[in-house]
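Scroll down for the structure; my scribbles are underneath it.
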Amino acid sequence: MRAILKDIITGALNDAIAEGLLKSTVDLSVILERPKRDKFGDFSTNLAMLLTKSEGRAPRMIAEDLIKGITASDLVERCEVAGPGFINIFLKRSYWLSTLAEILKKGEGYGNITAGGNKPVQVEFVSANPTGPLHIGHGRGAAVGDALANILKAAGFDVTKEYYINDAGRQVQNLGESIGLRIKELAGEEVEFGDNHYKGDYIIDIAKEYIAVCGTDEATTEDYKNFAIKAMLGRIEKDLVDFGIVFDQWFSERSLCDGDKDQVGATIAELTEKGLAFDKDGAKWMRTTDFGDDKDRVLIKADGERTYFASDIAYHRGKIRRGFTKIINVWGADHHGYEPRIRALFRAFGHDDEMLRVVFIQLVALLRDGEPVAMGKRSGEFVTLRQVMDEVGTDACRFFFLMRKPDAQLDFDLELAKKQASDNPVFYVQYAHARIHSIARLAKEKGIELPDTIDVATLVGLELGEEMALIKHLAAFEDVIEKSAQLMEPHKVTFYIQELAGLYHPYYNRQRVVTDDKAQTIARLLLCRAVAQVIRRGLALLGVSAPESM
RNA sequence: GCGCCAGUAGCUCAGUUGGAUAGAGCAACUGCCUUCUAAGCAGUGGGCCGGGGGUUCGAAUCCCUCCUGGCGCACCA
């Protein structure tokens, strides 16, 4: 739709130039916006104001020369110059009705656009260490990552969702040791835990599982570690599945340094060859400062052990090699200091680091009736995703995680999320959907049949201002998806469907859909169907269900 | 000290290639159920867009500076 309008305006511009009214040949990309006020039209452009410099004339005069060509289009009802030189465009009602017909025709596919050009994109998210259960911070990352993946898919990208498993290195070593200690303890031995050991109850559970499966024979920390990683990942995957998230790929860090195909070693060797790695103080470093980092980074420590960063350069190198043209990492905001070195890696290997996009997830502050849940601002770290999910349900949980832009701290009120009233946004939106289905059921009972083919004539019964407002909002859905994908901000979809529900409820309250006026009833039923369809699709992008009755 | 993110209505937040009178939800107050779900709707009040400079026809938006808050500055992951 936007494209059609741009064509109209560009056409008007060219006409004006051809007639000698304008002289500018500057290639301006036409900026179209949806004005805040109805009286400013369905769309407006500031093109004339942008041309003042090159034309050397007042913007309103330039605008006058442009509106002739715009008005000539048969989609345009009228077109006027306003304010400092805006061109406000009003489209014909028939245009909007045909748009609604189009939306209905596309059905569930409405919302799919081609902006992504089918380019392969990877979204890596959650990637929590398999050393403990997912907490609500991970949950927010999971909700954002998954919604982002859905939105990018709708925007026409070829998306792969990936979880990076940190199954190598110190942390999982600590995990193995922790299990070993608990097993000894269970056997009645006196044990002492170190600061680095995991002491949660889940460790005891896994220790018991180990005994049940493998017996009490002497075993190595390596055995415990491998068992525990598997057990933890099983729990994490279960949490995620129950949260509605299924990954395309689980990528093991360990697989990057498996003996014969040691990609970490190979990547380090390559950096050394390029002169980008050097030895200092008994350690091997990467010269990340050459690529914008504020200090160089250690790859291999003086004790011979590799750093996490060493694995990560091999991992990201691999992402590029796997052919992804856009690489998205969803990280906790506390990792933002890590971004420059990863960016450095892209540039070190001659890639445009623009292909990397890191989405940072801010903390979640859990509240109950407005009061902080646990002491301390990091309460989110101590509450598991499972607890919250079980308490408020996955729908409310996911919706709440997506109500704010990822990089803004989020207040999550558990009582509000459970509340079945209009001040709970998730219920507000779902309720609009359920109401429409309720009407549809009534219509069906009354034997009202909807036509198979829908055109403008079918919809002429829609003539109220609030009906046009609904249609125009429906028509904006694809723009929202494009923008949301482009900026990697799923909350735009959340806001959009809240607005849509906010337009629908008053309409429902004021107007009756099923009446004795057959033609009007059918038109209104179709409008309702379109609203339900878009709400359902929007909720689906967020990973939230759309119940047909509540 | 340096870096990143933020500061918009009482609260939580939208507002992103600079646009017209800065928006929404909640909370508060006042109304609305013989009618498709009142789990809803209508109305009212509410703002030096953190402060100060600058850029220009125009700034919440861009630049500089200061203040405040969060986070990060490992041979941890």
Side-chain angles (χ1 to χ4, degrees), chain A residues 29 31 33 35-37 39-40 44-46 49-50 52-53 58-59 82-86 88 127 129 131 166 168-172 174 196 253 280-285 294-295 297-312 332-340 360 362-363 365 367 370 377 403-405 407-411 413 416 419-425 427-428 430-432 434-443 445-446 483 486-487 489 491-492 494-496 498-499 501-502 504-515 521 524-525 528 549-550:
Chain A
S29 62
I31 295 174
E33 53 183 32
K36 295 172 206 157
R37 284 161 224 283
K39 65 172 182 176
F40 295 150
S44 81
T45 177
N46 61 351
M49 275 128 83
L50 296 175
T52 38
K53 277 223 173 75
F86 289 101
N88 294 338
S127 301
N129 279 349
T131 53
N166 300 124
R170 193 66 240 169
Q171 298 307 321
V172 285
N174 293 340
N196 294 327
E253 177 183 359
K280 195 182 94 181
D281 303 333
K284 188 173 274 295
W285 302 64
D294 57 350
K295 53 184 78 162
R297 305 295 172 177
V298 171
L299 295 167
I300 302 173
K301 298 186 254 178
D303 65 5
E305 213 175 312
R306 288 163 173 174
T307 62
Y308 178 81
F309 178 55
S311 295
D312 236 14
D334 54 342
H335 285 68
H336 71 252
Y338 200 74
E339 185 181 0
F360 291 106
Q362 265 291 357
L363 288 180
L367 308 175
K377 52 204 166 192
M403 283 198 309
R404 301 284 173 252
K405 78 173 109 171
D407 201 17
Q409 194 186 318
L410 170 74
D411 283 346
D413 195 311
L416 177 60
K419 210 160 154 191
Q420 314 223 328
S422 66
D423 51 350
N424 179 358
F427 276 88
Y428 186 77
Q430 288 180 318
Y431 186 46
R435 274 184 150 173
I436 292 171
H437 276 271
S438 178
I439 295 175
R441 283 189 293 271
L442 178 87
E445 276 169 31
K446 292 202 167 188
K483 198 85 180 167
Q486 182 198 330
L487 298 173
E489 293 183 344
H491 76 284
K492 292 199 181 298
T494 318
F495 273 84
Y496 171 83
Q498 286 186 82
E499 285 158 6
Y504 185 75
H505 283 302
Y507 174 65
Y508 172 93
N509 205 256
R510 229 184 330 239
Q511 309 298 338
R512 233 190 125 72
V513 172
V514 180
T515 63
T521 297
R524 288 185 172 177
L525 280 170
C528 289
S549 67
M550 292 170 72

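Proteins get letters first, then strands, A, B, ... in listed order; numbering begins at 1 in each. Only a predicted model underlies this, so the values are computations on that prediction, with no experimental measurement involved.
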Give one of base, sugar-phosphate or nothing for [X], where a contact means two heavy atoms less than 4.0 Å apart.
| X | value |
| --- | --- |
| A:Tyr508 | base |
| A:Lys39 | base |
| A:His491 | sugar-phosphate |

What integer distance in Å separates [X]:[atom1] from [N]:[atom2]?
| X | N | atom1 | atom2 | result |
| --- | --- | --- | --- | --- |
| A:Asn196 | B:C76 | CG | P | 11 Å |
| A:Met403 | B:A14 | CE | C1' | 12 Å |
| A:Leu299 | B:C76 | CG | C1' | 15 Å |
| A:Asp407 | B:G15 | CG | P | 12 Å |
| A:Gln171 | B:A74 | CD | C1' | 13 Å |

[atom1]-based separation of [M] from [N] [nearest Å]:
| N | M | atom1 | value |
| --- | --- | --- | --- |
| B:G47 | B:A24 | C1' | 14 Å |
| B:C29 | B:U34 | C1' | 29 Å |
| B:A28 | B:U35 | P | 28 Å |
| B:C11 | B:C57 | C1' | 38 Å |

| Phosphate OP1/OP2 of B:G15: any A:Lys405 side-chain N/O under 4.0 Å |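 Yes, because at least one side-chain N or O of A:Lys405 sits under 4.0 Å from OP1 or OP2 of B:G15.
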| OP1 or OP2 of B:C26 sitting under 4.0 Å from any side-chain N/O of A:Lys419? |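 So the side-chain polar atoms of A:Lys419 never come under 4.0 Å of the phosphate oxygens OP1 or OP2 of B:C26.
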| Given B:A77, B:U17, B:G19, which nucleotide is nearest the side-chain atoms of A:Thr307? |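 Of the options given, the side chain of A:Thr307 lies nearest B:A77.
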Polar side-chain contact [X]-[N] base: donor and acceptor under 3.5 Å:
| X | N | answer |
| --- | --- | --- |
| A:Asn88 | B:A20 | yes |
| A:Ser44 | B:A20 | yes |
| A:His336 | B:G3 | yes |

| task | Would you please say whether a donor-acceptor pair under 3.5 Å links the side chains of A:Thr131 and A:Gln171? | result |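 Short answer, no.
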| With A:Pro506, which residues qualify under side chain to side chain contact (heavy atoms under 4.5 Å, CB included), at least two apart? |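 Listed in chain order: A:Arg510.
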